[in-house]
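As structure tokens, the structure follows; a few thoughts come after it.
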Amino acid sequence: MPAQQFMQQEKAGGIVLGIAVVIALILANSPWSDSYFHFFEHHLGFYFDGKPYFNFTIHHWINDGLMSMFFFVVGLELKREFIGGELRDMKKVVLPVGAAIFGMLVPALIYILLNAGSPAAHGWGIPMATDIAFALAIVSLLGKRVPFTAKIFLTTLAIVDDLGAVIVIALFYTSNISLMSICVGIALLLLMFLGNKLGIKNVVFYGVVGICGVWVAFLMSGIHATIAAVLAAFMIPADSRITEPAFASRIRKHLRRFDKTPSNDVRTLEHEQVEIISQVKEDTINAIPPLQRLEHQMHPLVSFVIMPIFALANAGVSFVGMDVQSVFSNHITVGVFLGLLVGKPLGIALSVWLLTNLRIGKPHSLLTWRRIIGLGFLASIGFTMSMFVTSLAFNDPLFYVQAKIGIFSASIMGGLIGYRLLNIPMDPQEPSER
């Protein structure tokens with residue numbers, strides 16, 4: 001089942017991500033603090049005819065380049081969920097979808113109420129995000145104490161939350177728009193779409209057009225490059241070259257040929273055996289849709305390389321000599337903290353109550369109010385996504401630090417409270433999930 005596979009992958013990724021966050025905090029408060037921060041300010045780019053091109057800091061390359069790969073995988077997951085996963089039948093997911101929407105709106109409203117009219121108001125998108133890796137890692141640690149229905153609820157909520165974050169970034173955290181670059185990017189997206197419709201399954205084609213074309217065009221347009229990654233992901237074909245019945249028939253044929261092929265008495269295979277196995281491998285690749293093949297190949301890279309690197313570059317907050325008064329000189333920290341820790345669970349619980357009373361949706365009998373609120377607190381873990389929005393919302397170093405303190409505080413408390421509320425044995429008298 002897609003949701004089960006997704007949660008199994010996220011568990012280990014969440015643990016590695018947590019280790020990266022701890023390392024970043026240690027480095028930021030160590031004797032090597034200056035070197036740690038200075039490293040990410042080095043520029044990488046190239047010069048042509050004496051002019052700099054793509055000359056960005058390492059920090060910028062991580063947030064715009066590596067994170068585009070993360071959002072590309074998010075786009076692949078979203079498309080798969082819409083086609084054959086939890087988002088295929090909206091009637092069945094109306095509660096988690098509603099919870100995700102309210103879980104974004106209420107935190108943003110709390111932040112706006114505290115920061116309206118100030119230069120910090122632009123950060124209203126920070127407490128809207130949920131870090132799916134950390135949230136699902138905690139759920140995985142709880143094991144059978146959390147029913148599968150509750151895990152599906154949180155997974156679907158987090159997926160919709162990711163989609164909401166993408167939309168917010170696209171609409172509200174872009175600047176200096178270049179219409180020419182946007183037009184080029186859209187034209188290349190249409191080329192990918194046309195290739196999909198014409199039956200092109202070669203991932204190299206989509207990689208070249210998507211990265212060298214769409215991503216670069218959006219990077220130059222002023223619209224955040226991560227949006228290009230999501231749009232490009234939606235252009236990847238979700239059907240395979242070989243249908244399931246045809247694949248099964250070919251494999252049976254290959255097996256019959258392999259059985260009939262004379263073998264030898266040494267460890268190496270006969271030439272004909274190697275050819276048959278190569279054909280099996282080729283047919284197996286062609287039987288997997290490019291969308292799922294890319295998602296399967298890229299997920300480990302994103303979980304164990306890209307996300308930890310992002311955390312190392314963004315999670316470092318130096319508390320050495322920090323002036324507490326400056327931290328609370330405005331309402332950024334409080335707004336982010338209350339938006340995540342109060343707004344998330346409040347919005348999620350409110351949406352479930354409202355949709356249930358309006359008879360639009362009905363929670364599973366195992367999805368008790370204690371579990372709904374517990375999942376709401378897990379959704380208040382913002383970490384990666386919230387820090388990413390922070391990097392887009394603020395240029396002021398003080399604002400950036402204030403937001404990260406709010407994110408860390410709310411995420412840690414939300415994780416602990418959520419774990420405590422969900423850490424209850426399954427009642428033997430509870431009805432079966434089937």
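Since the structure is predicted, the reported quantities are computational estimates derived from the model, not experimental observations. Computed over heavy atoms, backbone and side chain alike; hydrogens, waters and symmetry mates excluded.
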**Request:** Take H122 and N115, measure what side chain to side chain donor-acceptor pair (under 3.5 Å) needs, and give me the verdict at the end.
**Result:** CA-CA 9 Å; H122 194 52; N115 291 279; over 6 Å; no
**Request:** Enumerate the residue pairs fulfilling salt bridge (charged side-chain N to carboxylate O under 4.0 Å, His left out) with a member in residues 109-126, sequence neighbours excluded, ordered by first and then second residue.
**Result:** none
**F310/L66 under side chain to side chain contact (heavy atoms under 4.5 Å, CB included): CA gap, chis, key distance, verdict** = CA-CA 8 Å; F310 174 83; L66 290 185; over 6 Å; no
**Message:** According to side-chain hydrogen bond (donor to acceptor under 3.5 Å, both in side chains), who are the partners of E275, at least two apart in sequence or on a separate chain?
**Reply:** H271
**Fill in**
Residue set satisfying side chain to side chain contact (heavy atoms under 4.5 Å, CB included) with A28, at least two apart, ordered chain then number -> Y36, F37
**With A246 via side chain to side chain contact (heavy atoms under 4.5 Å, CB included) - residues at least two apart** = I242, T243
**Prompt:** Under the side-chain hydrogen bond (donor to acceptor under 3.5 Å, both in side chains) test, which residues partner R250, sequence neighbours left out?
**Reply:** D283
**Item:** F71: partners by ring-ring contact (aromatic ring centres under 6.0 Å, His included), with sequence neighbours left out
**Value:** F388
**Prompt:** Among pairs that include at least one residue of residues 206-220, which meet side chain to side chain donor-acceptor pair (under 3.5 Å), considering only residues two or more places apart or in two chains?
**Reply:** S68-W215
**Residue pairs fulfilling ring pair (Phe, Tyr, Trp, His ring centres under 6.0 Å) with at least one residue in residues 399-421, sequence neighbours excluded** = F383-F408, F394-F399
**Fill in**
With sequence neighbours left out, the residues meeting side chain to side chain contact (heavy atoms under 4.5 Å, CB included) with W32 are S30
**Asked** Listed by chain and number, what are the side chain to side chain contact (heavy atoms under 4.5 Å, CB included) partners of L301, not counting sequence neighbours?
**Response** M69, V305, I306
**Asked** Quick one: side-chain hydrogen bond (donor to acceptor under 3.5 Å, both in side chains) partners of T57, sequence neighbours excluded?
**Response** none
**Message:** Filter on salt bridge (charged side-chain N to carboxylate O under 4.0 Å, His left out), then keep only pairs touching residues 329-349, sequence neighbours left out; what's left?
**Reply:** D161-K344
